[in-house]
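The structure appears right after this line, and notes come after that.
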Amino acid sequence: MSLFFDSRINLQDELPAVSAWSHSMYQPILTIGTASGKVLMFTEDGEPYSNVSIQRQALPTQLVWHPYLPLLIICWDDGVISYWNENDDNSVKEEKSVHGCRIRALIISPDGTRMVTGDEHGVVGVWSTSRGLNPICQYHKEGSITNIAFCALATEAGEIPTQDQMNRFFFFAGSSGSVHLADDLKRCSEVCKVGGQVKSLLYYKEDNSIVIITSSLLLVQFRVSPNEKLVPTRKVKLTVAGSPENIYTIWGGPGLLVTVSGDNMVRLWNLEKDANYFLTLADTDITGKMLSDKINCIAFHEKKRILAGGTKEGRVIMWKCKSLMTSTSPANREGWEAQLPVTLSADPIKQISWADGEGLLSASTEKTLSILSEADLRKVIKDDIIALQASNHQVEVRRLNRLDASMQIYTNIKIKGMDASTSHCVVWNGKTVESYTMPDTGNGEMVGTFNKKCFIAAVHRDSIIIYTEGQIEICNMQGTVKQTVLMPESEGEVNCINVMGDNMLITTESHIKLFDLSRREYKQRGMPRKFEDKQGQSLGIIKGGSINANGTKVALLVDQAPKSSIIFPDSTIYVYDSDIDNFMHHDFGYTQIPVDSCWDTQDPRLLFVETEGISGVGEEEAQENKAEEQFNQAVTLFVTSEYGITRQDSIKIQGDICGTIGISVPYWFFIGKDVGKDNLSGIGKIIKKSLRDFTGLENCDENVKKAILNFSFYMTSGNMDEAYKAVKTIQNVNVWENMCTMSVKTKRLDVAEVCLSNMRFARGAKAVREAKTEPEIEARLAMVAVELNMLEEAKQLYIECGRYDLLNQMQQACGNWDGALETAETHDRINLRTTYYKLARHYESIQDFSTAREYYERADVHREEVPRMLYSNMRVQDLERYVNDKKDPKLYKWWAQLLESKQDPNGALNFYKLAGDLGSCVRVHLTKGSVEEAIKICKENDTKLGCLFLAKYMEEQGDIREAIQLYNKADRFHHAVRLARDNKLDGDLMSLSLRSENFKIMLQTAKYFEEKHLFDRAIKLYHKGKNVKKALDLCFREHNYEYLRTLVDDLGEEEDPTTLLRAADYFMQENMHEKAVHLLVSAKQYSKALEICLAHNVKLDDNVVEKLIPDDGIMDQQKKDLIRSIAKLCKRQGSFQMACKLFTKLGEKLKAFKCLLRLGDIEKIKSYANTAKNAQIYILAANFLQNTDWHNADVMKSIIFFYTKAKAWDSLANFFDACASVEIDEYRDYEKALIAENEALKFQAKSANPQKDILFQQFQRRKAIMEQFVNAKRLVQSSPEEMVKMCLQLLEVQGVDQAIRIGDVYSLLVEYYYAQQNFAQALQLINKMKQRRIILNPYLDQEMVERIYHQMGIRVENEDSEYIE
């Protein structure tokens, strides 16, 4: 952990006016201009730097250091510019030729060759700084010049300009609002003008644009174009509190504007992501003492990415950017971490500035100037003491066994290092070493001080171990050297000395050395160990380390350097094991960087590591990281040779904890924020927290402590047997409770069960047994955690396994209703209404009726629960208002029922009407005796309930027919039937029974009609009532065969077989064979049914066929004969699909396929042929497909495929020959025909036909003729004479028409001669076509023929028309 410590510079009664740091990275110089006209110089330690005297009778207004040279430039309020060069005999020179008044702006170019100044009278001077300070040119403009910025003109490619491109052009602006672009060649032009004064003018390098902020709080952004023009890209009106006239703006990172205006907050605008946010003083103050403070000035450290501000009440506040591994700027306030404030004085801070080096900041008030230097907070925990640096000059020391008693050590030097042993504390500052005794109480007394160049030191007992100038010196407390250990230059500079007990670690960037300090003379153990793997590859750069209690393990903090110019911290901690001479490592992930480590003072296995949380490589990835990964953490690890490195526990560093000190079982120690009224940044508070495994057991004896530590180690390592052995003899219930807690955290339910039994915790043991019913281990553990009051752990476990329903229940049981609501609304929506209901019951129990009512409504149970709640709590008036406000029919009905119960029928009627409950209205009217009103409601509205009430009333009054009608209208048929039957109204009884669609009513009425010998009605009602057997019996008994024919369609297998056969016999006698077959199949008389089908050709459907063929898994000859008979019958009846199915079942695929062919379904034919794998079927399928539209590509592929699978080469050859003929006859496409003929020849060659050779010769002759004609057609353009010759030869070939069409040959010749205007020859060929009786129309265009005739002077005769038309 690092902090900023302040030291005030002794100015000897001078008052600071301005200040500036030199740009040296290693020895920065702070220059201070005073109100008396002096310029003073100091080192970073606050000591005077040089004896040079710079003084004038004027006020210094600007101090600027050259970026590369030791050149200081001083501007005075009278316009004089002085410059001092350290390399030029410390002489001070002056330049008075350009300015004659106060200089308000000064800037030096990035390469340091040019300087630009601007004064109050509008004079802008351009200077050369190569050899002293020489003016180049100057410009005179209106108003005061307050802002200057170097820039680069945009390239055509839009690339980001380099530093070298930003040394010539610059912008300047001021009180006039005009913005000018100029260079060092006396070229200057006004590029824009804004309203008001220009308060800030900044160059945005990444976007190649300038950003202007005006006194009217207008932010304007212009992009710089290659033609020196400005293109506006942004215009925003800023909202700023405080004093807008004092607004001050700087860059806080790439594209991030930071602004203060005398308010208690800093405003930030991310121009790249178009986001704005603010950082407030409340971020850095946990006491609320700074809320009234205001921020006056700000400064940003580009390399460390720290934003600092000075306040009106004399404080320096800081925010550190979390995104250290990326160059992008934060887009929200979560990207910044507030640091502890530092109080300097009671006066307002007017200026702060950063040095270029590591963590140096100057802050000045009207009277004082202080330097804040960042330093690692020195802390030590070893042996029996714990020491912590509290300030620049103070160390607080406590003994581990008496933490309440503190010792204070006050030093005379600025502490840069500190170490302690049991008896002494030593501090040093690089030049001086001081040693102090440590009494049990009071302040430490100095026992020695000596001057020595001390880079790193450590303390062992009464000795001081110092690294100085290439060697280690062991001195006593007064500085007398007792022993010297040389450090070879080849191993590098020592960067760490760590002592624990009698063991010492010394590291360089590449080597590790271990020493034994138990003897008088320190001895090195073994040889120096290089930090590399077994292959000799470097593992990184060591930057620090620590050694354990027995000297066998060394923890190393490491940097990685893939290139010499790139160094970044490693997220891995390495541990060197001297027992096995090997390195182990543990990676904390890319969002956690180890920054400090130490070992437990007693147990050599326990390693303590502090990690710093950082953002990922980009803003989006940073948002995806888990929230806890952004915190600094304290992590404990177990390290052994056997199990390696295992993570034991971790804790977030937040709240009142700001850093770590170390670990000593049973505590780990932290640096706390000891913030009070007078100490807002007070450090020195030591906080101890119990280790997780020792909570409640801090005062246990050493044996128990050792057993618990062993239990924790073996649990972390996963060795449960050894873990149980370590603690099985312990009888302390608190120990078992603590281990049970740990078992839950390590997700070991079995161990938790053992611990609970030893705790004698019956309820917890019961929870373990009940938890075993849950499928997720996390849910089971969470239920145990609840019993152990580990509610936060239980919550995390439920979330981990996604059991938000159980989490909701737990939160409800704990009374955490806000958490339960959030869980239900976001993750457990299935139980959302239940949660609302339970929350409403909770509010009802605490008499918060309005909130309870709200949640009853959300649960959608308010119609029942709200009236119950309000009425039971005697809040009738509230209930009445609620009912009237809600206007809900159910609530109206509830209130109406209440009024009716209170004998208020009129009020009840009104609310029943509002509720739309007409039935209740009828009932109330009847109760009141208003029968006419009740009848009116029933007539005008379709209210079945009202009709029921009125029907009952009419029945009581003896109006039977009206009652029956009302019962009918109310769909209460059983009452209507009852009245009709009791009153012998048989006509109404039949219709009512059928309308009721109630089987019970129908059967009762059927029985009634049967008893009255009204059999037709009884049969119909028995049928409709699903008592078909009774209906059949009555049909046969009463010879009602007419209805029997209707009834038979509803007969099924569930009927009595005797009844079915009886009906079948009747239909046989009536020659109604289809109905007879249906009944016989239902009666399972399959053979008889088949006989009738065969004898009378009864049409079979699929259902009958399936029933005729029993599915018993047996296929004997009798069953085959049955199936064959049915298949033949189906084929004869045209049921080809069923016939195919039956023949296939018999294995007679050929017959089955022939049936399928008669069906004519192409897809089914193709599918069957593919599955049959039979050559005959393949051929039949291909032959069938040839009779379809085989020009379709899919069909043609199937034909070829089937012939090929059947190896029917003759058929395939004939098919391709037919294809060739079709191409010629229908499309005159001889090229495709030739391709088809080639295929025919190929397959004919494979044929085994005895006539193979003859057929092959025929195909070859046809192919030759086709080829000759195709070649002739190709020669029409290139060699027409050859074409004519070939065509004439073809016409002389005997049998040429078997291969090609002669008309096509003549057509080719006629068209050629026609094109050549040789009409005589064309006419001669036409006449030859006529002689051969060739019809002209299919081959020759009619218009062409007529023209040929016309050209030859021949009239087309009638007898010629038949050859043309």
Side-chain angles (χ1 to χ4, degrees), residues 104-105 107 118 143-152 154 160-161 166 169-181 190-225 229-280 294-300 302 307 309 319 321 328-333 335-336 619:
R104 299 292 304 275
I107 188 171
S144 176
I145 306 301
T146 56
N147 295 275
I148 307 173
F150 275 95
C151 68
I160 296 176
M166 297 170 56
F169 294 94
F170 58 90
F171 290 98
F172 64 88
S175 59
S176 67
S178 296
V179 180
H180 295 81
L181 174 63
E190 181 179 334
V191 290
C192 71
K193 186 175 179 64
V194 296
Q197 302 177 12
V198 174
K199 304 295 289 185
S200 297
L201 181 127
L202 303 170
Y203 179 61
Y204 184 7
K205 176 183 172 183
E206 288 75 15
D207 191 54
N208 199 23
S209 61
I210 62 165
V211 179
I212 300 170
I213 297 179
T214 70
S215 57
S216 59
L217 300 182
L218 192 67
L219 185 151
V220 188
Q221 184 177 354
F222 297 93
R223 182 162 291 127
V224 184
S225 63
K229 300 295 183 181
L230 296 186
V231 179
T233 58
R234 188 191 308 265
K235 186 175 182 180
V236 180
K237 181 69 175 179
L238 303 181
T239 302
V240 176
S243 303
E245 65 275 7
N246 295 327
I247 189 170
Y248 178 62
T249 307
I250 63 171
W251 287 118
L256 185 66
L257 287 177
V258 183
T259 297
V260 293
S261 58
D263 195 13
N264 65 350
M265 64 180 65
V266 178
R267 288 175 171 81
L268 301 96
W269 285 273
N270 191 313
L271 300 180
E272 180 185 357
K273 298 185 178 179
D274 197 20
N276 64 84
Y277 53 98
F278 54 85
L279 305 173
T280 67
K294 309 296 181 184
I295 303 173
N296 295 328
C297 51
I298 48 174
F300 181 70
E302 186 176 353
L307 179 64
W319 291 270
C321 179
T328 59
S329 299
N332 51 56
R333 61 183 299 161
W336 297 90
E619 197 73 32

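Only a predicted model underlies this, so the values are computations on that prediction, with no experimental measurement involved. One is the number of the first residue; the rest follow in order along the sequence.
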Apply side-chain contact (heavy atoms from CB on, under 4.5 Å) to the pair C321 and W336, showing each step before the final yes or no.
CA-CA 5 Å; C321 179; W336 297 90; 3.8 Å; yes
Would you call V236 and N276 a side-chain contact if the rule is heavy atoms closer than 4.5 Å?
no
Is there a donor-acceptor pair closer than 3.5 Å between any side-chain N or O of K273 and the backbone N or O of P330?
no
After noting the C-alpha distance and the side-chain angles of V224 and F171, does the key distance pass the side-chain contact (heavy atoms from CB on, under 4.5 Å) rule?
CA-CA 11 Å; V224 184; F171 290 98; 3.9 Å; yes
Min side-chain heavy-atom separation L268-W319 under 4.5 Å
no
Can you find a side-chain donor-acceptor pair between K193 and S178 that sits under 3.5 Å?
yes
Looking only at heavy atoms, which two atoms of P232 and L230 are closest? And how far apart?
CD-O, 3.7 Å
Tell me, do R267 and T239 make a side-chain contact under 4.5 Å, heavy atoms counted?
no
Under the ring-ring contact (aromatic ring centres under 6.0 Å, His included) rule, collect the residues that match up with F172, sequence neighbours excluded.
H180
Crowding at CD, E302 (>12 non-hydrogen neighbours, <6.0 Å):
no
Is the backbone of S216 close enough, under 3.5 Å, to the side chain of K237 for a donor and an acceptor to pair up by distance?
yes
Nearest heavy atoms of Y277 and R333, plus distance in Å:
CD1-N, 3.5 Å
Using every non-hydrogen atom in the two residues, find where L271 and R234 come nearest and quote the distance to one decimal.
O-NH2, 2.8 Å
The side-chain contact (heavy atoms from CB on, under 4.5 Å) partner of V211 among L219, L201, T233, V220 is L219
Please tell me if the side chains of W269 and L238 come closer than 4.5 Å, counting only heavy atoms from C-beta onward.
yes
Between R104 and G174 (side chain of the first, backbone of the second, donor and acceptor by atom type, cut-off under 3.5 Å), is there such a pair?
no
Could you give the side-chain donor-acceptor pairs of residues 246-265 under 3.5 Å, partners two or more places apart or in another chain?
unit_1 : atom_1 : unit_2 : atom_2 : d
T249   : OG1    : T259   : OG1    : 3.1
W251   : NE1    : Y203   : O      : 3.2
S261   : OG     : A241   : O      : 2.6

Can you find a heavy atom in the side chain of V191 that is under 4.5 Å from one in the side chain of F222?
no
Applying ring-ring contact (aromatic ring centres under 6.0 Å, His included), name anything that partners F300, two or more places apart in sequence or on another chain.
none
Can you check side-chain contact (heavy atoms from CB on, under 4.5 Å) on V179 and I210, steps first, answer last?
CA-CA 10 Å; V179 180; I210 62 165; 4.3 Å; yes
Taking S144's backbone N and O only, do any of them form a donor-acceptor pair with S175's side chain (distance below 3.5 Å, no angle check)?
yes
